[in-house]
Each structure stands twice: as structure tokens, then as C-alpha cells.
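Below is one structure; the comments refer to it alone.
Just so it is clear, the model here is predicted, and its values are computed rather than measured. Positions are given from 1 along the sequence.
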Amino acid sequence: RALQKALTEVKEKIETEQEQKNYLHKYQDDMHEYEQFVLRNFFEKVFAGQLSVQEIYEEAQKHALDINAPCYNLMLMNVQERAHQGDKRKAGETCQKCYEEIMRFLMRFSNYYLVFRWSVNIYGIMIKGEEGNITERTAKCLEGIEQICKQYEEELDWYVAAGVPVERFSLLPECYRKVN
């Protein structure tokens with residue numbers, strides 16, 4: 001009886017811990033979704049020219065975004081399954097795996113690449129730098145994404161579009177129009 005009671009208590013404790021882990025994962029997923037929503041909302045306002053220069057910096061500060069740099073550029077990236085693929089689940093997993101590799105690559109340079117989800121399949125990448133290195137950073141980003149995506153060419157279609165660098169954050173709407 002004592003052994004059975006102890007085993008029941010251990011089982012309940014394990015179930016409680018698993019439940020807590022599940023809540024934690026859900027909380028982390030929800031926080032990530034919220035952060036992506038905030039970023040997209042911010043960039044939608046910036047690209048539409050709805051914010052004054054002061055409002056841009058206030059919004060960025062409110063969301064702890066470091067947008068200070070002498071030069072900026074934008075890239076839009078799309079990765080999706082090929083339409084003629086048979087196993088949709090496998091293709092979806094491949095697409096997710098590709099995106100995860102790209103995000104790991106970009107996070108290594110997070111001091112000058114800011115990634116945000118733009119739509120279901122499209123991510124935006126804001127690149128920060130000096131006038132002398134913004135073109136190089138854009139090329140490095142493009143090259144890294146290309147190397148990753150080429151591994152999945154049999155299963156995925158992808159594209160990346162790069163804009164033309166601008167000297168002020170408030171000029172990003174012009175950059176966005178060109179890259180879009």
C-alpha cells in the first residue's frame with residue numbers, strides 16, 4: 001500500500017511538472033507571436049509613412065528596438081513548398097527546417113539584422129550599418145540565405161529581394177517601395 005501510494009504521488013508530480021512545461025512552452029510561443037505582431041505593426045506604420053521621426057524613435061524605444069545606424073536597407077524573403085510536391089506534411093517540415101536555419105544564421109548577426117514576419121510566408125529583414133559596409137552586409141545576408149535555401153531546392157521555392165540603402169530610418173518607406 002505504501003509503495004502504491006508513493007508511486008501515485010510520483011506519477012501526479014510528473015504530470016504536474018509536464019503540465020507546467022506545456023504552459024511554459026505555450027507562454028513562450030504566445031510571447032514570440034506577440035513580439036512578431038508588434039514588429040510587423042511597427043514596420044507597417046513606418047513603411048506607410050504614418051509616423052513622424054520622433055514617433056518612430058518613441059515606438060522603437062517602447063519596444064526595445066535598436067534602430068540607430070547611419071544606413072539602412074531592407075530585404076524581403078519568401079520560402080514555400082513547391083506546388084507539385086506529393087507529401088505536404090514532409091514539405092511543410094522541410095520549409096520549417098529551412099526557416100529555422102535561416103533564423104539561426106541571422107541571429108548570429110542580430111546587432112545588424114532585424115528580422116520580422118511580414119506575412120504568412122514572407123519575412124522582412126532590416127539591415128543596419130555604416131555607409132561603407134551596408135552593401136557588404138546586404139550581400140552577406142543574401143549569400144547566407146542562398147546557401148541555406150540551395151540545400152532544399154528540390155522541395156522548396158524561394159526568393160529574396162534586396163532594396164537600395166537609405167541614410168535615414170525615415171526613408172525606409174522609399175526603400176520598401178523599391179524592394180516590394
Side-chain angles (χ1 to χ4, degrees), residues 29 32-51 53 55-57 59-60 63-85 91-180:
D29 289 345
H32 179 73
E33 284 295 316
Y34 175 73
E35 288 168 2
Q36 286 300 310
F37 171 78
V38 165
L39 273 175
R40 179 175 177 183
N41 191 17
F42 172 70
F43 280 108
E44 280 178 348
K45 290 177 186 174
V46 169
F47 298 158
Q50 295 175 345
L51 301 175
V53 173
E55 289 170 328
I56 288 171
Y57 285 96
E59 284 279 317
H63 301 298
L65 299 175
D66 179 13
I67 60 169
N68 292 319
C71 260
Y72 306 90
N73 201 355
L74 283 174
M75 295 177 81
L76 293 178
M77 168 184 71
N78 180 320
V79 177
Q80 59 189 16
E81 307 97 41
R82 288 226 165 115
H84 64 275
Q85 287 294 322
E93 290 170 6
T94 303
C95 191
Q96 182 65 30
K97 188 175 172 184
C98 182
Y99 266 127
E100 287 171 4
E101 283 185 45
I102 291 169
M103 293 308 152
R104 277 194 299 275
F105 164 74
L106 294 171
M107 288 301 138
R108 289 191 349 232
F109 308 101
S110 62
N111 55 330
Y112 52 86
Y113 294 144
L114 177 62
V115 183
F116 56 97
R117 183 169 227 141
W118 189 241
S119 68
V120 176
N121 292 327
I122 298 176
Y123 280 85
I125 304 161
M126 184 191 73
I127 304 162
K128 301 186 303 182
E130 306 288 328
E131 192 174 336
N133 68 13
I134 193 78
T135 303
E136 177 188 323
R137 286 183 178 177
T138 302
K140 183 177 184 171
C141 184
L142 181 60
E143 185 181 303
I145 293 169
E146 185 176 10
Q147 284 180 349
I148 293 166
C149 289
K150 279 189 173 187
Q151 300 171 53
Y152 302 100
E153 278 188 328
E154 298 293 317
E155 301 155 70
L156 302 175
D157 288 321
W158 61 278
Y159 74 83
V160 179
V164 178
V166 293
E167 292 82 32
R168 291 192 311 275
F169 196 87
S170 58
L171 293 176
L172 277 177
E174 177 185 320
C175 185
Y176 172 72
R177 279 189 291 282
K178 289 178 182 174
V179 75
N180 195 33

Determine whether V53 and R168 make a side-chain contact, defined as any pair of heavy atoms from C-beta on separated by less than 4.5 Å. no
Rounded to the nearest 0.5 Å, how far does CD1 of I145 lie from CG of L106? 5.5 Å
Taking only residues two or more places apart in sequence, or in another chain, which ones meet R104 in a side chain to side chain contact (heavy atoms under 4.5 Å, CB included)? E100, E101
Residues A161 and V179: closest non-hydrogen pair is O-CG2, 3.0 Å
Closest heavy-atom pair and its distance - I148, C98: CG2-O, 3.9 Å
Non-neighbouring partners of W158 that pass side chain to side chain donor-acceptor pair (under 3.5 Å), sequence neighbours left out: none
Got a salt bridge between K150 and E146, using NZ or NE/NH1/NH2 to carboxylate O under 4.0 Å? yes
Taken to the nearest 0.5 Å, the spacing of L114 CG from I67 CD1 works out to 9.5 Å
What are the two closest non-hydrogen atoms of Y72 and F169, and how far apart are they? CE1-N, 3.2 Å
Under the ring pair (Phe, Tyr, Trp, His ring centres under 6.0 Å) test against W118, which residue among F43, Y176, Y123 passes? Y176
Is the backbone of K140 close enough, under 3.5 Å, to the side chain of R137 for a donor and an acceptor to pair up by distance? no
Just how far is it from atom OG1 of T94 to atom CG of L156, taken to the nearest 0.5 Å? 6.0 Å
Do T138 and M75 come close enough that some side-chain heavy atom pair is under 4.5 Å? yes
More than 12 non-hydrogen atoms from neighbouring residues, nucleotides or ligands closer than 6.0 Å to CD on E55, yes or no? yes
Between C141 and V160, is a side-chain contact (heavy atoms from CB on, under 4.5 Å) present by the stated rule, with each step listed? CA-CA 10 Å; C141 184; V160 179; over 6 Å; no
Residue F109 excluded, over 12 heavy atoms near CZ under 6.0 Å: yes
Distance from C95 atom SG to E155 atom CD, nearest 0.5 Å? 10.5 Å
Nearest heavy-atom approach of L76 to G124 is CD2-CA, 3.9 Å
First locate atom CD1 of I125, then atom CE of M103, and finally report the distance between them rounded to the nearest 0.5 Å. 7.0 Å
Go through the structure and list residues passing side chain to side chain contact (heavy atoms under 4.5 Å, CB included) with V38, not counting sequence neighbours. Y34, H63
Scanning both residues in full, the closest heavy-atom pair of P70 with E130 reads CG-OE1, 3.3 Å
Hey, does the side chain of N73 reach the backbone of G163 with a donor-acceptor pair shorter than 3.5 angstrom? yes
My understanding is that only residues two or more places apart in sequence, or in another chain, count here; which of them pass salt bridge (Lys or Arg N to Asp or Glu O under 4.0 Å) with E136? none
Under the side-chain contact (heavy atoms from CB on, under 4.5 Å) criterion, do N180 and L74 qualify, and how do the steps go? CA-CA 10 Å; N180 195 33; L74 283 174; over 6 Å; no
My understanding is that only residues two or more places apart in sequence, or in another chain, count here; which of them pass salt bridge (Lys or Arg N to Asp or Glu O under 4.0 Å) with R177? none
Interatomic distance, F42 atom CZ to F37 atom CZ [nearest 0.5 angstrom]: 14.0 Å
Salt bridge (Lys or Arg N to Asp or Glu O under 4.0 Å) involving E59 - partner list, sequence neighbours excluded: K62
Has the side chain of K97 got a donor or acceptor atom that lies under 3.5 Å from a matching backbone atom of Y152? no
Looking at T135 and P165, what are the two nearest heavy atoms and their distance? OG1-CG, 4.4 Å
